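For reference, positions follow the sequence shown, starting with 1. Here the structure is a predicted model, which is why all the values come from computation and not from measurement.
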Amino acid sequence: MSGFAEYESYDALGLAALMRAGEVSATEVLEAAIARVEARNPAVNAVVTKLYDHAAQAIEAGLPDGPFTGVPYLVKALFTAVAGVKCAHGSRFFADLPPATGDSLHVARLKQAGMVIYGMTSSCEFGLSLTCEPQLHGPSRNPWDLERTPAGSSGGAGAAVGARMLPIAHASDGFGSIRAPAASCGLVGLRPTRARNTLAPAFGEALAGLAIEHAVSLTVRDNAALLDATHGPAPGDPYFVLPPARPFLEEVGTDPGSLRIAFTSKAPNGAPVGADPQRVLQEAASLCAALGHRVDEADPAIDGAAVVPTFRTLSAVNILYTVRGHPSGRTPAPGELETVVANTAKLAEGIDGASYMAAVHTAHRIGRQMAAFHEDWDVLLTPGLGTLPPKLGWLDMMMDDLEEYWRRVFRFSPFTVWFNLTGQPAMMIPLGVTESGFPVAIQAIARFGDEATLFRLASQLEAARPWIGRKPPLAEQ
């Protein structure tokens, strides 16, 4: 590939360091990123809005001096405001929205950190799936196997970084939408502690506090440095989490000491777990023990059977709110919403206020149960996913049977929504592979507010079993 040929040898901080040293220009790096979108996006369908001129103009105007100055970045097209850019949230119903009049605070912080936004990535409709196959844009594909989903809802982000179009990309997570694509595409994916990143000015919270923005990345250090650049409350936020004791990037490479690490392959909903996810979890537990941690199998005592029903109640009501919130006030025309979204909104019409509040209190109760568990354990490890990413079409949002749809979603990813309910930081770490080389992740969870421990442990595991050298066949072309 022409241009800056070494582009894929660096993570985001590495690219920024090269530009800071004058070894390559921001324009050259942007051209390398664009070349990879043009070459690889037709195969994976990750980028749905190209903002190449927007990016070039930002460079020409002069970039802020930040940790990521000149690094190309893609933002997810789901409730993300970039000034002057349209965002349809993966929905035909919202395809007529006008361009955003200003940046969200998260996007403004990304720009202040020096990121150069050059496109938007695909999401499923309103983020209501763990695949990325919207009728509006068509399916995104996994760069490791084009017949499989890259997961979702941040499937476009996962596919783009997995295909090495760029080293880090914006994502968001309401029930696994950062972590499932990270696990599916061989990436690091952190859902930070609830409220670590503000949703200002549009929202005080999203999905009853379950949803949060961050990123998928090739390296742990990029993930940490980005959180340093974006975290912190905004005036008027309904609540916030205490700031870290020191920058997250300083935790990367710091000796975590001897942690008390529990592991379990028991899913809260009782879903079976495949052989590869179980094997990689056992390998991770053994590696942690070899690194000096105290490791044992332990199941948190939580209301496991309540996890999925609680999420479904909260998500249904929030989907109905979204559907009723078209800025024009209009209602969807027949067929304008995907079947799962339409049926979920219809389901919400039968949920009364008391039932919704009962779900909120159940989520909080599970959070207290996990807090009690963490009195004895610093970290919990689980499989990243219950299965390998399914073939495209299996998680079909045009499916009429809503119960079967959700059964499939939480068979694929039974461990993620648990920590949206509790608000804890949870990270996918791409430690393993199948016999054929397909990536397999573990999930690491720490106490509420304790991303620092995750960055320490994840960077220790990354040093012991590096993954950045693994590339899908698509990225070798």
Side-chain angles (χ1 to χ4, degrees), residues 12 16 26 30 33-34 37 47-91 94-123 126-127 153-154 156-157 160 166 168-174 177-178 192 195-207 211-217 222-223 225-238 240 322 325 327:
L30 175 62
I34 290 172
V37 172
V47 180
V48 293
T49 303
K50 296 175 181 178
L51 300 174
Y52 301 163
D53 289 343
H54 180 280
Q57 290 164 10
I59 292 172
E60 184 177 355
L63 298 170
D65 184 14
F68 296 104
T69 298
V71 173
Y73 202 64
L74 296 170
V75 296
K76 178 181 175 182
L78 181 70
F79 305 113
T80 305
V82 178
V85 179
K86 294 182 68 170
C87 179
H89 318 308
S91 177
F94 277 69
D96 60 351
L97 294 186
T101 56
D103 293 332
S104 70
L105 184 52
H106 188 84
V107 168
R109 288 175 176 176
L110 292 170
K111 290 182 176 179
Q112 189 60 39
M115 291 293 196
V116 177
I117 295 173
Y118 75 113
M120 300 187 84
T121 58
S122 188
S123 167
F126 303 146
S153 62
S154 307
L166 72 169
I168 186 169
H170 172 251
S172 56
D173 192 311
S177 291
I178 288 173
R196 180 67 76 190
N197 280 331
T198 183
L199 296 170
F203 305 99
E205 64 175 15
L207 191 55
I212 191 166
E213 294 177 279
H214 189 42
V216 294
S217 63
D222 277 358
N223 216 282
L226 186 69
L227 194 56
D228 282 330
T230 60
H231 81 83
D237 279 357
F240 59 91
T322 299

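Residue Q112 places its CD atom among 12 or fewer non-hydrogen atoms of other residues, nucleotides or ligands, all under 6.0 Å distant. Environment of CZ in F240: sparse, with no more than 12 heavy atoms of neighbouring residues, nucleotides or ligands closer than 6.0 Å.
Under the 3.5 Å distance criterion, with hydrogens and angles disregarded, a donor-acceptor pair is assigned to the side chains of K76 and S154.
Under the 3.5 Å distance criterion, the side-chain polar atoms of T69 are left unmatched by any main-chain donor or acceptor of A16. Judged purely by atom type and a 3.5 angstrom limit, S177 uses its side chain to pair as donor or acceptor with the backbone of S153. Side chain of R109 to main chain of G232: a donor-acceptor pair is present (N/O by atom type, distance under 3.5 Å, no hydrogens or angles). In this structure a side-chain-to-backbone donor-acceptor pair under 3.5 Å is missing from T80 to A77. Side chain of D222 to backbone of A12: a donor-acceptor contact under 3.5 angstrom is found.
Separating the CE atom in M120 from the NZ atom in K86 is a distance of 12.0 Å, to the nearest 0.5 Å. Once rounded to the nearest 0.5 Å, the distance linking CD1 of I212 with OG1 of T198 reads 9.5 Å. One distance of note links CG of L74 with CG of L51; it measures 9.0 Å at 0.5 Å rounding. Expressed to the nearest 0.5 Å, how far CG of L97 lies from NE2 of H89 amounts to 5.0 Å. Residue D237 holds its CG atom at 7.5 Å from CG of L199, rounded to the nearest 0.5 Å. To the nearest 0.5 Å, atom CD1 of residue I178 and atom CD of residue E213 are 8.5 Å apart.
L226 has its side chain within reach of L110: a pair of non-hydrogen atoms, C-beta onward, lies under 4.5 Å apart. With contacts defined as side-chain heavy-atom distances shorter than 4.5 Å, the pair P192/N197 qualifies. Looking at D103 and V82, their side chains come closer than 4.5 Å, going by heavy atoms from C-beta outward.
When every heavy atom of P201 is checked against every heavy atom of S104, the shortest pair comes out as CD-CA, 4.0 Å. Of all the heavy atoms in G156 and T121, the pair that sits closest is C-CB, 3.7 Å. For the residue pair Y118 and L166, the shortest heavy atom distance occurs at OH-CB, 4.0 Å. In terms of heavy atoms, A81 sits closest to G102 at CB-O, 3.5 Å. Closest approach of A200 and A234 over heavy atoms only: CB-CB, 3.6 Å. Residue L63 comes nearest to G114 through the heavy atom pair CD1-O, 4.4 Å, listed as atom of the first residue, atom of the second, then distance.
Classified by interplanar angle (parallel below 30°, tilted 30° to 60°, perpendicular above 60°), the ring pair F79/F126 is parallel. In this pair, H170 and H106 present their aromatic rings tilted. The plane angle is within the 30 to 60° band.
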